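Quantities reported herein were computed from a predicted structural model and do not represent experimental measurements. In what follows, chains are A, B, ... by sequence order, proteins preceding strands, each numbered from 1.
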Amino acid sequence: MIMPGRWRNLAVGAIISASALAISACSQGSDTPEDGKEAAAEILNVSYDPTRELYEEINPKFVAHWKQQTGQDLRINMSHGGAGKQARAVIDGLDADVVTLALAYDIDEIAAKTNALSEGWQKRLPKNSAPYTSTIVFLVRDGNPKGVKDWDDLVRPGVAVITPNPKTSGGARWNFLAAWAYARKKFGSEAAAEDFVGKLYANVPVLDSGARGATTTFAERGIGDVLLAWENEAFLARKELGEDKFEIVVPSISILAEPPVTVLDGNAKRHDTEAVSEAYLKYLYTAEAQDIIGKNFYRPTGEAAKKKYASTFPAVNLVTVDGDFGGWQAAQKRFFNDGGVFDRIFAEAKK
Amino acid sequence: MTIRSTHTTASIGLTVVALAFLGIFVALPLVTVFVEALSKGIAPYFSALVDPDAVSAIKLTLTVAAIAVPLNIVFGIAAAWAIAKFDFPGKSILITFIDLPFSVSPVVAGLVYMLLFGMQGWFGPWLREHDFQIIFAVPGIVLATVFVTFPFVARELIPLMQEQGRDDEEAALSLGASGFQTFLRVTLPNIRWGLLYGVLLCNARAMGEFGAVSVVSGHLRGLTNTMPLHVEILYNEYNFVAAFAVASLLALLALVTLVLKSILEWRLGYAHRSAGH
Amino acid sequence: MGLTLAWLSLIVLIPLSTVFIRAAGLGVSEFIEVGFSSRAIAAYKVSFGTALAAALVNAVFGMVVAWVFVRYEFPGKRIFDALIDLPFALPTAVAGIALTAIYAGNGWVGQFLEPLGIKVAYNPIGITIALIFIGLPFIVRSVEPVLADLSAEVEEAALSLGATPVQVFVRIILPSILPALLTGFALALARGVGEYGSVIFIAGNMPFKSEIAPLLIVTQLEQYSYAGATAIAVVMLLISFAMLLFINLAQAWSRRRVDA
C-alpha cells in the first residue's frame, strides 16, 4: 500500500497513541497483590496439560518450603495447555521462569528461537532434567468389551482409538512413537511400521489438540473404545471419573516418556528469580516431592518413592527416543514436521 | 396485522415450524447450560462461582469490557458522524473496513496482535526491553477485544444518523452553537437509544469473546483468564459442573442483554429494527 | 474524521497489514505451498462447506421465522422474539460446550440419534449445527424489516385473482426480500467461515474431515509455523473482504431497488 502524506501522519499518530494506550493499560495490568510485601517473589511455571493436579499439590508445599528456608513469600503462577502451544507461547513472549513440558523437543525449540536458554540445558539437572517419567498405556471401557490387549488390537476394524494430534500434543507424539516401535519390532521394517501406524490412525475418529481434550472426548463424551494416554492421565481419569468405568491395559511394548523441566535463565535473570526458580526445580527431586509425584501417578525417579509406588506401576518393556529414534530432533523432523511421516499418513488416508 | 381465516392452517403450521426451529437450535443450548450447571445441586454451583480463580476471571472480564466498550463508543460515534454527516470519496470502502473485524476470524484477530507484539513480532523485543507486557497480559486481551467489538457501535449508529440527515445540526450551527454543543444537545439525544443498543451488543461480545482472546491470553490462572477461557479450563479439568456454572453466569448476562435490548427496541419503536446485523 | 481514521488504522488496518507483510516475505511459491497445501484446501472446504450449508438452512428457516414473527400473533411472541438474538449475546465458547453436551453420543439428543446411525458431534454435521446457531439472527434480522414493509394487500389481491400461495411467494414476496435475504445470507456465511469458539468443542478436528481453517491456523502456530499460519490467515482475510464487499454492494443494490 502506498501511503500519501496525510495517511503517513495518521499512521504515526496511530502508533503514538498505541503506545500511550499500551502504557496506560500496562499500569492497569500490573496490580501488585494487596498483601505484597516488597520481598515477595513471583514465578511462572508454563507446563503441559496433564500436570495440573501434580503442580496444584506440589506448589503449596514448595511455597512453604521456600518460606521456611528464606523467609520470602512466593507465588507460583501456572499455565497449562498442549505442549506445543505452550512452548510457542513462551517463544512469543509468555514470560515463564520455568518450563515443565512434555518432551525435550519443545524446550529445544525455545532454546533455538529465543535467547532465554542455552543449548546444553538438558544436562543441568539430574536424570536428563526429568524428575518424573511416565509411559503410554491404553485406557479401555469397563470389562474391555473390545478385548484390547496390545497394539495389534488397535488396527482391527471396528475398534475406535482416541489420541490427540501429534502435531500439537506432546503426549500424542509419544503415542505415535510407541506404536511405531511396537510395529517395527513385530514386523521388522520401517515400511511395515508406517503401514501399521497408518491403519491405527484410520481408526481414530476424533483428533483433539491436547491430551486433556482427548481424555474428555473419550471419558466424558463416550467416543471411542481405546484411549492412548499418558499413564498418569489414565490413572487420573479412573480416579476422577470412576474406577468402575474404565480399565487400564498395559501393552507389551511402550515408550519411556521423560517430560523435562528447566529454568529459562534469560527470563529469570530479568525477573531476578534465578535462585528461587532453580530451587523450585531441584525441589522436584526431593523425597517429599517424589512422593507427591508417585501419588499423582507419575513414575518417580527417586529410589524411596520408586520402591513405595512399585506396586502401582507395572513393569513394561520400554523403548527410548534417544536409543530407538535417534533423539527428539531427528524424530520430530522425520515424523511430525510438515511433509513428514504423519502428514503422509493422513494424505494417504484421504485418497 | 390480520390473519385471514383461509390461512389459519398454514399459519399454525408455519408458526410451529418456526418455534420448533428456534426451540431446537437456540433455546435448547441455553437450557442445557443451566441444567448441567445445577446437575449436582445448588451448593457445588455456588462454590464454583466463589472459587478465587473464578472470581479473578470475572473481575478480569469486567475490567476488559470496562476499557474496551468506552473506547469503541467514542470511536463508533466519531465514525458514524464522519460517515453520516460528511461526503467524501471512498466512503463505502471505509464502511467495509469498519465492518472487517465482523467477518475476520477471531483467531486471525489474535494472530495479528501476536505478530505485532509477540517476541517474534515487530515490537516484541523492544517492549520486553522496556518491560512492557502486551501479549499474554491484560493489554493484549483488551486490544483483541477492542478489535472484535470494533464495528458494533458504529454499525448501529451509521444507518440511524444517515436517516436523520444533517438538517438539525446545520440549523443549530447557523444559530451560533459550537460544534461540541451541537453534538451534545442535538445529535446525542437523537441517537441515544440506538447508541445504547450498540453498546449493549458491544458489551455482550466483549465479555464473551473466546477465539481472539484465547490466542493472546497465555492462560495464566488467576491472571489472564477471562470468563470464557476459564470455562474452557474447567471443562478440561473434568470439572464440568464448575465449567457450566461459570458458563451459566455468562448465559445469564446474555439474557440480561436480551431483556434490555427488548426494552430498548420498544422504546425505539418498530421503525428501527437493526437492518445492520 | 481524523480520529475515525486514526483509530481505524490503529486497531484494524495496521494489525491486519502485518499479516500481509509477513506473508509477502514468503515468496509466491512458498505461499502457495503452505496456503494451498492439500490439508489447507481440505480445511477451507470444511469451513466453507459447513458455513454454506448452515447459511442455506438458515435462509430457509430464517425466512419462515421472520415471516411468522412479522405476520402472526401468538402467545409468548415477545419472549421468542428476544430469543432470536441469543446467539449474538451468548459467548461462543458457552454455545460450544452446550451444543457438545446435547449432541455428543451420550448427550441429550445425541443418544437418540446415535442408534439411528446419525453422528452429529465430532463431524461436519456438528460444525453445521453450531454455525446454524451462530448465523440464525443474521438472516432473521435482515429479512424482518423488509417483510414488515411489504403490504399484505398485494398478496391478498393476488390470491383473490386466483394465484396459488406458491405463486404469490415466488412472484411477489421472494423478489422483494431477495436483497435482504442475500445480505443476511452473506453475513451468516462470513461469520460462519471464521467462527472458532463454538466449533472447536464439537468439531472432532480431524485433518481432511472436520478440521476448520481457523483451527488450522492455531495448529500451524503451535508447531512453530508462522509462515503457514500467516498464509492461511491471508487467504481467509481476502475471502472475508470479498464477502463484505459483496454484502455492501448487495445492500446498495437493494437500496436502489427500494428507492425505485
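- Taking the six-membered ring for Trp and the full ring otherwise, B:F152 and C:F88 have centroids separated by 6.0 Å or more.
- Using a 4.5 Å cut-off between heavy atoms, B:V35 contacts chain C through its side chain alone, with no backbone atom that close.
- Proximity to chain C (any heavy atom under 4.5 Å) is shown, for B:F75, by both the backbone and the side chain.
- Separating the CD1 atom in B:I77 from the CD atom in B:E156 is a distance of 13.0 Å, to the nearest 0.5 Å.
- Interface remark: of the candidates B:L116, B:T32, B:V74, B:T32 forms the most heavy-atom pairs closer than 4.5 Å to chain C.
- Within the 4.5 angstrom heavy-atom criterion, atoms from both the backbone and the side chain of C:A82 approach chain B.
- Both the backbone and the side chain of C:V65 come within contact range of chain B, each with at least one heavy atom under 4.5 Å from a heavy atom of that chain.
- In this structure, the portions of B:V104 lying under 4.5 Å from any heavy atom of chain C include both its backbone and its side chain.
- Only the side chain of C:L237 comes within contact range of chain B, judged by heavy atoms closer than 4.5 Å.
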Check your understanding: Are B:D99 and B:R155 close enough, and set up right, to give a side chain to side chain contact (heavy atoms under 4.5 Å, CB included), and what steps lead you there?
Key -> CA-CA 8 Å; B:D99 275 347; B:R155 255 331 223 166; 2.9 Å; yes
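- For chain B, the nearby part of C:I21 is the side chain; its heavy atoms alone come within less than 4.5 Å.
- Within the 4.5 angstrom heavy-atom criterion, no atom of C:S47 approaches chain B.
- Within the 3.5 Å criterion, the main-chain N or O of C:L159 finds no donor-acceptor partner in the side chain of C:E156.
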Which side-chain N or O atoms in residues 16-25 of chain B pair as donor and acceptor under 3.5 Å with protein atoms at least two apart or in another chain?
none

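- Neither the backbone nor the side chain of C:V193 comes within contact range of chain B; no heavy atom of the residue lies under 4.5 Å from a heavy atom of that chain.
- For chain B, the nearby parts of C:L83 are the backbone and the side chain; heavy atoms of each come within less than 4.5 Å.
- Of the atoms belonging to C:I200, it is side-chain heavy atoms, and not backbone ones, that fall under 4.5 Å from chain B.
- Within the 4.5 angstrom heavy-atom criterion, only side-chain atoms of C:I132, from C-beta onward, approach chain B.
- One finds the CG atom of C:L181 at 12.5 Å from the CD1 atom of C:I173 (value rounded to the nearest 0.5 Å).
- Contact of B:L111 with chain C is made through the side chain alone, with heavy-atom distances under 4.5 Å.
- Ring pair C:W67/C:Y72 is perpendicular by interplanar angle, where above 60° counts as perpendicular and below 30° as parallel.
- With respect to the salt-bridge test (charged N to carboxylate O, under 4.0 angstrom), the residues C:D81 and C:R141 qualify.
- Heavy atoms of B:V107 lying under 4.5 Å from chain C belong exclusively to its side chain.
- Residue C:Y196 holds its OH atom at 5.0 Å from OG of B:S214, rounded to the nearest 0.5 Å.
- If you tally non-hydrogen atom pairs under 4.5 Å between each of B:L14, B:T257, B:L253 and chain C, the highest count goes to B:L14.
- There is no contact between B:L229 and chain C, counting heavy-atom distances below 4.5 Å.
- A distance of 6.0 Å or more separates the ring centres of C:F201 and C:Y103.
- In this structure, chain C has a heavy atom under 4.5 Å from the side chain of B:F150, while its backbone stays farther away.
- Taken to the nearest 0.5 Å, the CG atom of B:N225 stands 12.0 Å off from the CD1 atom of B:I58.
- Highest contact tally toward chain B, considering only C:T92, C:L99, C:L136, is held by C:L136 [criterion: heavy-atom pairs under 4.5 Å].
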Check your understanding: Can you check side chain to side chain contact (heavy atoms under 4.5 Å, CB included) on B:Y197 and B:L200, steps first, answer last?
Key -> CA-CA 5 Å; B:Y197 188 94; B:L200 218 54; 5.7 Å; no
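- Residue C:F80 touches chain B through both its backbone and its side chain, counting heavy-atom pairs closer than 4.5 Å.
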